[in-house]
Amino acid sequence: MNYGYFDDKKREYVITRPDTPAPWANYLGSPEYGALISGNAGGYSFRKSGADGRILRYVFTGLDEPGRYLYIREDEGEYWSASWKPVCKDLKEYRNICRHGLGYSVFEADYRDIHSEATYYVPAGKTHEVWALSVTNNSDKARKLTLTAFAEFTCHNNYEQDQVNLQYSRFIGRTVAEGNRIMQVLHGNLDTQSAPVDNKIVEKRFLALSGALVSSYCGDRDAFLGCGRRYGNPVGVETGDLGNEDGYNEYTCGALSCKVELAPGETKTVAFTLGLHSSEEAQEIQDLYAQPAAQVKKELEELKEEWEARLTPLQIETPDPDFNTMINTWNAYNCFMTFIWSRAASFIYCGLRNGYGYRDTVQDIQGIIHLAPSMAKEKIRFMLTAQVDNGGGLPLVKFTHNPGHEDTPDDASYVQATGHPAYRADDALWLFPTVYKYLSETGDLAFLDEDLLFANKGHATVYEHLKMAIQFSLDHLGVHEMPAGLYADWNDCLRLGKAGESTFVALQFYYALRTMEELAAYKKDDEYQAFATEHKKALEEVINKYCWDEDRFTRGFTEAGERIGERKAPEANMWLNPQSWAVISGLATKEQADSAMNLVHERLNSAYGAVLMDPPYHSHAFDGALGVIYNQGTKENAGIFSQTQGWLILAEALLGNGDRAYEYYRENSPAAQNDRVETRHLEPYCYGQFTEGPASPHFGRSHVHWLTGTASTIMVGSVEGILGMRPDLEGIRIAPSIPSDWDGLKIEKTFRGSRLHITVKNPDHAQSGCKSLTLNGKLMEGNYIPAAELKEENEIELAM
């Protein structure tokens with residue numbers, strides 16, 4: 001079943017059926033002001049933090065309400081909404097489409113010969129949002145309409161306080177009408193206090209109207225709705241009069257109406273603006289939209305130009321339009337959203353994770369390095385300053401992170417504040433692929449010498465920060481001399497503790513040591529290069545001795561010394577991540593890689609991707625195997641964890657298996673499932689955290705949209721793996737691993753200030769390999785291009 005389509009020219013996804021099986025969301029704004037909006041105008045807004053800066057209320061029950069509602073009413077009494085919900089007119093008579101674009105969403109509706117367009121966005125670099133509503137009279141007679149905007153304010157900036165501490169939050173708010181806007185005031189009784197009281201100050205939010213005069217208003221949600229009514233039939237809209245009621249100790253809202261008259265064929269535009277600002281600031285914002293149509297057009301053009309500049313550094317043309325759509329636009333956009341918001345705010349994450357997960361964010365950075373390296377560099381700096389001086393990472397990095405002054409998991413105060421009782425084994429190890437990708441993409445090797453603070457105390461160069469990450473793993477080894485699992489490795493449902501050991505982390509550590517060998521060689525740090533080589537060889541022996549089990553790598557050891565994932569285990573005897581990471585890390589021999597990856601395809605693969613492990617846990621889970629709490633085929637208990645598919649794609653591509661890499665890509669690609677929405681449920685333009693596996697009765701249904709490491713790992717797997725864009729410290733290797741039925745592809749890439757126009761030709765339908773590579777007509781040696789030989793514009797041709 002199909003609910004919409006991709007408009008690649010406009011970089012939009014067009015929802016043609018509003019009755020989607022789940023709320024299909026878009027993101028508006030920036031780190032300073034964020035907003036989510038669904039294909040039915042549900043969603044919420046916040047300033048800086050989804051937890052502590054909440055402006056609009058959203059109830060996380062899957063019902064997608066309340067939202068940013070715009071109502072249209074005829075004087076005769078008929079009314080509807082600019083989005084299908086909340087009024088939900090009969091779709092046989094009411095036409096509605098939603099166009100989700102990059103940083104904006106547009107709703108087009110036609111009903112009773114009135115065409116409306118509602119455009120929602122946050123202007124570039126601003127801290128307010130705009131709801132522009134245009135109405136056109138397509139009938140042959142004059143029409144009189146009442147246009148109403150409604151927003152339900154939170155009673156407290158903190159999401160949790162708003163939802164549960166009602167004996168307090170209900171009684172600190174009021175609303176006041178001020179001309180053409182309504183102001184919500186929190187802690188308004190403190191207006192005469194010269195200093196904060198109990199750390200609380202007066203705060204104001206506003207909803208304003210520009211382009212018409214307010215005809216009526218309401219600041220009391222219950223008065224707006226009316227007794228026994230909901231958002232789809234509010235009495236204030238039904239009667240055409242909002243009652244001019246302020247709110248005081250109620251669930252406050254902002255509701256504004258205006259009246260417009262339209263001659264046949266006439267269009268009028270008004271703009272509603274919303275934000276967390278003082279009255280004076282709100283007035284300045286209102287005044288910007290005195291001519292709403294012109295201002296909105298200008299700001300939308302600026303927004304589109306900003307996003308176009310972000311995406312231009314990599315654009316592709318392949319025989320697969322779905323692959324093109326995702327890599328050129330939607331996977332990239334998804335990467336930026338995870339980069340900006342980590343796991344803080346979606347329709348699943350309600351904002352309570354008030355900060356950045358260390359491993360999440362360091363991985364998320366990888367997805368945008370090739371698109372926005374300067375943005376990536378700033379976030380790498382930030383995350384390096386969240387590294388403790390012992391080399392470990394803070395499990396949760398606050399949005400208000402203060403380098404050099406933070407508590408750590410060694411301090412009871414940190415544990416109490418964050419709920420993280422210990423270090424995770426993998427956190428700091430993600431620095432190695434991320435920092436290396438940045439260095440290789442940019443050639444900015446001077447970054448290694450930049451001096452940065454640690455989270456708690458002291459400072460060191462980036463190079464020394466990486467050394468300390470190595471030392472952290474060396475200081476936390478188990479009985480087999482492999483890294484201990486600690487509170488968790490990548491899998492939060494594997495609690496291996498100080499004595500248990502993780503094969504996955506051991507393979508990450510091997511990758512880290514290999515990376516440090518190369519960086520030490522560049523730095524002419526012979527002593528450390530020898531140190532890294534020695535530990536790498538020792539670790540290789542240990543992993544092969546204790547973790548290779550005939551045809552696969554096991555998952556590790558429990559605290560009691562039991563081997564996890566061995567062939568003879570009745571449950572969970574085959575795990576995905578050790579197999580793919582044995583290849584990515586460079587540890588696996590060709591024979592091991594072929595055996596393990598063939599077994600992945602045979603045992604773990606399905607129509608929607610490879611499951612995390614098999615069989616699911618049920619009767620034979622060890623104490624630290626927390627995945628057993630989930631239904632079989634769900635999340636860490638044999639679900640298809642989408643992030644792991646990116647590593648699988650990359651591993652197969654590194655082996656030169658283009659057909660299989662592409663097979664894994666297609667199985668999990670949202671765009672490739674655009675006609676299977678009744679199964680997938682989630683948006684066909686963004687990744688989800690996991691898909692239910694074959695052990696579930698809902699096999700193929702996906703969950704936890706947008707904010708997932710999947711966006712980054714799939715991007716890396718696609719760009720470095722399938723497309724074969726593999727930079728290193730000295731240049732770039734071009735090594736596509738593509739499906740054998742592709743005749744070729746084209747890639748436009750910005751690399752170290754040069755533009756690469758790459759044409760790949762595959763007349764013999766190979767999966768990988770290079771017969772010849774030319775740079776500006778010059779035959780190169782192998783498939784490698786030294787950066788020093790690049791010009792500003794470069795014509796590159798690879799024959800496979």
Classify the ring geometry of Phe46 against Tyr44: parallel below 30°, tilted from 30° to 60°, perpendicular beyond 60°.
tilted
Lys398 bridged to Asp52 by N-O distance under 4.0 Å:
no
Give every donor-acceptor pair under 3.5 Å between a side-chain atom in residues 686-701 and any protein atom, sequence neighbours left out.
| unit_1 | atom_1 | unit_2 | atom_2 | d |
| --- | --- | --- | --- | --- |
| Gln689 | OE1 | Lys635 | NZ | 2.6 |
| Thr691 | OG1 | Ser702 | OG | 2.7 |
| Glu692 | OE1 | Ser696 | OG | 2.5 |
| Glu692 | OE2 | Arg701 | NE | 2.7 |
| Glu692 | OE2 | Arg701 | NH2 | 3.0 |
| Glu692 | OE2 | His703 | NE2 | 2.7 |
| Ser696 | OG | His698 | N | 2.9 |

Can you run down the side chain to side chain donor-acceptor pair (under 3.5 Å) pairs that involve residues 637-650, sequence neighbours left out, and say none if there aren't any?
Gln363-Gln643, Trp490-Gln643
Contacts of Thr418 meeting side chain to side chain contact (heavy atoms under 4.5 Å, CB included) (sequence neighbours excluded), chain-then-number -> Leu396, Tyr414, His420
Excluding sequence neighbours, so at least two apart, what forms ring-ring contact (aromatic ring centres under 6.0 Å, His included) with Phe399?
Tyr356
Donor-acceptor side-chain pairing of Asp426 and Trp430 below 3.5 angstrom:
yes
Could you tell me if Gln592 and Asn544 have a donor-acceptor pair between their side chains, going purely by distance under 3.5 Å?
yes
Heavy atoms, side chains only, cut-off 4.5 Å: are Leu612 and Glu636 in contact?
yes
Of all heavy-atom pairs linking Thr434 and Gln366, the shortest is OG1-NE2, 3.0 Å
Contacts of Phe472 meeting ring-ring contact (aromatic ring centres under 6.0 Å, His included) (sequence neighbours excluded), chain-then-number -> Tyr423, His476
Mind listing the side-chain donor-acceptor pairs of residues 618-625 below 3.5 Å, one per line with the distance, residues two or more places apart or on another chain?
none

Classify the ring geometry of Phe60 against Tyr58: parallel below 30°, tilted from 30° to 60°, perpendicular beyond 60°.
perpendicular
